[in-house]
Amino acid sequence: MDQTISENLIQVKKESGGIAIITINRPKSLNSLTRAMMVDLAKAFKDMDSDESVQVVIFTGSGRSFCSGVDLTAAESVFKGDVKDPETDPVVQMERLRKPIIGAINGFAITAGFELALACDILVASRGAKFMDTHARFGIFPSWGLSQKLSRIIGANKAREVSLTSMPLTADVAGKLGFVNHVVEEGEALKKAREIAEAIIKNEQGMVLRIKSVINDGLKLDLGHALTLEKERAHAYYSGMTKEQFKKMQEFIAGRGSKKPTSKL
């Protein structure tokens with residue numbers, strides 16, 4: 001049975017199968033963010049890390065938008081607030097979260113909303129979704145990673161075009177560029193995100209966390225150092241395993257081999 005943890009502008013709903021859904025719930029303002037919402041969002045992601053009942057987090061927005069960015073009527077409190085505090089920075093907390101984050105993007109993901117999408121591990125977008133960077137339009141300096149992450153995902157030339165023109169990146173183009181994993185029909189993003197989450201949960205959860213970590217940490221390095229990182233962590237992992245753990249691995253593999261293969265994502 002679903003359990004609603006919060007009924008405010010940042011909602012957290014934990015489901016019995018190991019999935020938690022974090023929803024930005026300010027639809028009348030297209031889910032624009034106030035300082036208080038950012039603090040609550042950071043706390044929600046931080047809480048998910050230590051919650052053993054949660055294995056995968058789905059991140060979405062209510063209504064016609066995922067997140068339309070910062071509420072510019074509260075811009076000073078946001079940009080001149082304690083923005084250096086990692087405890088209240090939602091993107092920092094998303095990046096610290098060891099568990100996979102699947103973004104279910106409906107409608108607009110603009111500027112800060114675009115950056116929140118970039119902090120997800122896997123993205124599903126409805127066909128009408130639009131990603132837009134308006135930092136240059138409004139004289140806002142990016143601080144949640146957009147200026148560095150987007151170019152590494154879609155290529156520098158395309159990223160420069162998106163950021164310097166403030167023109168929207170459609171879901172279909174984002175899918176072709178590899179930024180979005182799946183483009184689905186309107187109203188289907190959350191359903192597809194759940195399917196992906198359920199596929200992740202069927203795997204060995206300790207290794208899910210380790211693989212997410214080594215991929216994300218390796219992306220910060222050049223390939224040579226990233227390969228060394230993988231090798232070091234693999235050696236540390238196998239060196240620390242007991243005979244009992246190897247036996248459990250064999251039993252798990254044997255059990256999986258007797259089951260019918262699941263359908264492709």
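Scope of the values below: all heavy atoms of this structure, side chains included, with no hydrogens, waters or symmetry mates.
Of the inter-residue distances, the one linking Met132 atom CE with Thr170 atom OG1 reads 12.5 Å to the nearest 0.5 angstrom. Going from atom CD1 of Ile196 over to atom NZ of Lys191 covers 12.5 Å, rounded to the nearest 0.5 Å. One finds the OG atom of Ser147 at 9.5 Å from the CG atom of Leu150 (value rounded to the nearest 0.5 Å). Summarising the geometry, atom CZ belonging to Arg194 is positioned 11.0 Å from atom CD1 belonging to Ile102; distances are rounded to the nearest 0.5 Å. The structure places OG1 of Thr60 at 6.5 Å from CD1 of Ile105, a figure rounded to the nearest 0.5 Å. Between atom CD of residue Glu188 and atom NE2 of residue His182 there is a gap of 13.5 Å, rounded to the nearest 0.5 Å.
With contacts defined as side-chain heavy-atom distances shorter than 4.5 Å, the pair Val184/Val124 qualifies. Between Leu97 and Met94, the closest side-chain pair of non-hydrogen atoms is not below 4.5 Å. Residues Leu116 and Leu33 have side chains in contact (heavy-atom distance under 4.5 Å, counting atoms from C-beta outward). In this structure the side chain of Asp121 reaches within 4.5 angstrom of the side chain of Lys212, judged on heavy atoms. Counting only heavy atoms from C-beta outward, the side chains of Met37 and Asp71 never approach each other to under 4.5 Å. Counting heavy atoms from C-beta outward, Leu221 and Thr228 have side chains that stay 4.5 Å or more apart.
No chain of hydrophobic side-chain contacts below 4.5 Å, direct or via other Ile, Leu, Val, Met, Phe, Trp or Tyr residues, connects Val70 to Val92. In the hydrophobic clustering of this structure, Leu146 groups with Val162; members are Ile, Leu, Val, Met, Phe, Trp, Tyr whose side-chain heavy atoms approach within less than 4.5 Å, directly or through other members. Follow the hydrophobic side-chain contacts under 4.5 Å out from Leu229 and you never reach Leu209; the two are in separate clusters. Both Ile21 and Ile201 belong to a common hydrophobic cluster when Ile, Leu, Val, Met, Phe, Trp and Tyr are linked at side-chain heavy-atom distances under 4.5 angstrom. A single hydrophobic cluster is seen to contain both Ile24 and Val12, as judged by linkage of ILVMFWY side chains at heavy-atom distances under 4.5 Å, directly or through other members.
A salt bridge is defined here as a Lys NZ or Arg NE, NH1 or NH2 lying under 4.0 Å from an Asp or Glu carboxylate O, and Arg96 with Glu87 meets this definition. A salt bridge does not link Glu244 to Lys247: none of the charged nitrogens lies less than 4.0 Å from a carboxylate oxygen.
In this structure, Pro142 and Glu115 approach most closely via the heavy-atom pair CB-OE2, 4.0 Å. For Trp144 against Lys149, the heavy-atom pair with the smallest separation is O-NZ, 4.2 Å. The two residues Ser163 and Ala136 come nearest to each other via the heavy atoms O-CB, 3.7 Å. For the pair Ser68 and Ser29, the tightest heavy-atom approach, listed with the atom from each and the gap, is OG-O, 3.5 Å. Closest approach of Asn31 and Ser62 over heavy atoms only: ND2-O, 2.9 Å. Considering all non-hydrogen atoms of both residues, Pro86 and Gln93 come closest at O-NE2, 2.8 Å.
In Glu230, the CD atom is not crowded: 12 or fewer heavy atoms of neighbouring residues, nucleotides or ligands sit closer than 6.0 Å. Atom CE of Met167 is surrounded by 12 or fewer heavy atoms from other residues, nucleotides or ligands within 6.0 Å. No more than 12 heavy atoms of other residues, nucleotides or ligands sit less than 6.0 Å from atom NZ of Lys43.
Using modelled atom types, no side-chain atom of Thr111 and backbone atom of Gly69 make a donor-acceptor pair closer than 3.5 Å. Between the side chain of Lys99 and the backbone N or O of Met48, at least one donor-acceptor pair lies under 3.5 Å. Side-chain atoms of Asn181 come within 3.5 Å of backbone atoms of Leu123 as a donor-acceptor pair (strictly under, hydrogens ignored). Between the side chain of Asn106 and the backbone N or O of Gly63 there is at least one donor-acceptor pair closer than 3.5 Å. With Gln205 contributing its side chain and Asn203 its backbone, the two residues share a donor-acceptor pair below 3.5 Å.
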Evaluate Ile200 against Ile122 for side-chain contact (heavy atoms from CB on, under 4.5 Å), listing each step before the verdict. CA-CA 11 Å; Ile200 291 170; Ile122 296 168; 4.2 Å; yes
Pair Asn157, Arg160 - check side-chain contact (heavy atoms from CB on, under 4.5 Å), show working. CA-CA 5 Å; Asn157 283 16; Arg160 280 190 284 260; 2.6 Å; yes
side-chain hydrogen bond (donor to acceptor under 3.5 Å, both in side chains) assessment of Arg26 paired with Ser32: CA-CA 7 Å; Arg26 198 187 180 205; Ser32 61; 3.0 Å; yes
Test side-chain contact (heavy atoms from CB on, under 4.5 Å) on Lys13 and Thr23; report intermediate values, then the result. CA-CA 8 Å; Lys13 185 169 69 173; Thr23 305; over 6 Å; no
Criterion side-chain contact (heavy atoms from CB on, under 4.5 Å) on Val56 and Val208, from CA distance to verdict: CA-CA 10 Å; Val56 179; Val208 166; over 6 Å; no
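Among residues at least two apart or in separate chains, salt bridge (charged side-chain N to carboxylate O under 4.0 Å, His left out) pairs with a member in residues 126-135 are Arg127-Asp172, Arg127-Glu185.
Taking the six-membered ring where the residue is Trp, Phe131 and Phe114 present tilted rings, their angle falling between 30° and 60°.
For Phe59, the ring-ring contact (aromatic ring centres under 6.0 Å, His included) partners are Phe45, Phe66, not counting sequence neighbours.
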